[in-house]
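To keep things clear, I will list the structure first and then write my remarks on it.
All values reported here derive from a predicted model rather than from experimental measurement. The basis for the numbers below is simple: all heavy atoms, side chains too, and nothing from hydrogens, waters or symmetry mates. Chain letters run A, B, ... following the sequence lines, proteins first, then strands; residues in each count from 1.
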2 protein chains.
Amino acid sequence: MTTSGAPADLLHLDKQICFSLSAASRAFNSVYRVLLKDLGLTYPQYLVMLVLWEHGELPVKAVGEHLRLDSGTLSPLLKRLEAAGLVRRERSARDERSVEVHLTEEGTALRERAQRVPQRIMAATGFELDELRDLHARLDRLTAALDAAARDTAALEETADCP
Amino acid sequence: MTTSGAPADLLHLDKQICFSLSAASRAFNSVYRVLLKDLGLTYPQYLVMLVLWEHGELPVKAVGEHLRLDSGTLSPLLKRLEAAGLVRRERSARDERSVEVHLTEEGTALRERAQRVPQRIMAATGFELDELRDLHARLDRLTAALDAAARDTAALEETADCP
DNA sequence: CGTCATTCAGTTGTGCACAATTCAGTTGTG
DNA sequence: CACAACTGAATTGTGCACAACTGAATGACG
């Protein structure tokens, strides 16, 4: 595949598609930011709280697996949640390497106030529930494919010239 | 609308949907990161270059409008592109407030090597062109709705209790 | 003509994402 | 038991997103 086989059109299309994903992500982020300001949470902090509300106490590692975030992102984020009084972090007794994240009473209580967030987000999207679910499914399929491609870096490196 | 009207299910669904968007965005980012390493570009830098390749020289302001990014993000990013020798920044003669971003020869030449990126991305997604276009359209519609909602913060603040 | 609001780029500060590294704790193997 | 390999969290450094602010240049209006 030579470069001349890929017209500028493709670059233009790429701009539209990759831009629309990052724009959508930032737009979502910005709407969540407004709604979450009341709760004193950022969007990633909200995601962490959702995981904890759903599963109760979890090791940092497990939180990271649910959200695909590593310790480099989670450690400072969890410290901020702890400083805000929403969680406690405690070294696990059975494995001293592991740190368990517990909800405080305040953290548990915040769930009540968070209940109204999703509906307001849905209202802001103007999408029907079905449509959101459909989008959700597509995005997950996309993510799975991209992850597979990223994991197999070598294959990705060669797609351009080794069929 | 009371909180008891919003069952925990909605929080669970919200987790799935908002998580899948941020996950998709990060997965895309990570695949682009691999492909763009060759070109010495990050993903946002690539977006800026796409805009410049398409439109030629532009004031910083215009670049920001194309990508919905503000000067706080663009100023340091453009400095890095300048340090890499891909663009020059020059105060506009006719309006000294404005800074025009020009492609250098090197920046223009990079376009050739960028041509192959979109196809490799598409291969990584495993999506057909039509499907990507469809996703693109949905995401844009979503972004437009979210932007409208965010812009009208007051309305958003009230959706929960003031019909 | 001078003042004042606006516009544009840049800076500062906070928070997130991620790669790379560090370090303590754990586990497997000889 | 000893030692190597691994694991989990934290730290460091780079870059992006965005809010809030600064400061210079412009333009409008009295």
Tell me, please, which residues at least two apart from [X] pass salt bridge (Lys or Arg N to Asp or Glu O under 4.0 Å).
X: B:R133; value: none
X: B:D70; value: none
X: A:R138; value: A:D134, B:D134
X: B:R88; value: B:E90

Please tell me if [X] has a side-chain N or O lying less than 4.0 Å from either OP1 or OP2 of [N].
X: A:K79; N: C:dT14; result: no
X: A:R89; N: D:dA10; result: yes
X: B:S98; N: C:dA9; result: yes

Filter on ring pair (Phe, Tyr, Trp, His ring centres under 6.0 Å), then keep only pairs touching [range], sequence neighbours left out; what's left?
range: residues 103-151 of chain A; value: none
range: residues 91-122 of chain A; value: none
range: residues 65-88 of chain A; value: A:H55-A:H66

message = If the test is side chain to side chain contact (heavy atoms under 4.5 Å, CB included), which one of A:T42, A:V101, A:L41 qualifies with A:L81?
response = A:L41
[X] [atom1] to [N] [atom2], straight-line distance once rounded to whole Å:
X: B:L36; N: C:dC18; atom1: CG; atom2: P; answer: 15 Å
X: A:R91; N: C:dC23; atom1: CZ; atom2: C1'; answer: 10 Å
X: B:E100; N: C:dA9; atom1: CD; atom2: C1'; answer: 13 Å
X: A:L74; N: C:dG15; atom1: CG; atom2: C1'; answer: 13 Å

key: Minimum-distance nucleotide to B:Q45 side chain [options: D:dG15, D:dT11, C:dG15]   = D:dG15
ask   = What residues, two or more places apart in sequence or in another chain, satisfy ring pair (Phe, Tyr, Trp, His ring centres under 6.0 Å) together with A:Y32?
value =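 Listed in chain order: A:F28, A:Y43, A:Y46.
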inquiry  = Show every salt bridge (Lys or Arg N to Asp or Glu O under 4.0 Å) that has at least one partner inside residues 40-60 of chain A, sequence neighbours left out.
reply    =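 Pairs touching residues 40-60 of chain A that pass the test: A:E54-B:K15.
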inquiry  = Show me the dot-bracket string of DNA chain C, counting Watson-Crick or G-U pairs under 3.5 Å, with | for pairs to another strand and [ ] for crossing ones.
reply    = ||||||||||||||||||||||||||||||
Where do N or O atoms of nucleotides 17-21 of chain D meet protein N or O atoms at under 3.5 Å, pair by pair?
unit_1 : atom_1 : unit_2 : atom_2 : d
D:dC18 : OP2    : A:R26  : NH1    : 3.3

key: Residue closer to the 5' end of DNA chain D, B:P76 versus A:L78 (nearest nucleotide)   =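 Its nearest nucleotide being more 5', the pick is A:L78.
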query = Roughly how far apart are B:L36 CG and B:I121 CD1, rounded to 0.5 Å?
reply = 7.0 Å
Anything under 3.5 Å between a protein N or O and an N or O of nucleotides 23-29 of chain D, put it in a table, one pair a line.
unit_1 : atom_1 : unit_2 : atom_2 : d
D:dT26 : OP1    : B:E96  : N      : 3.3

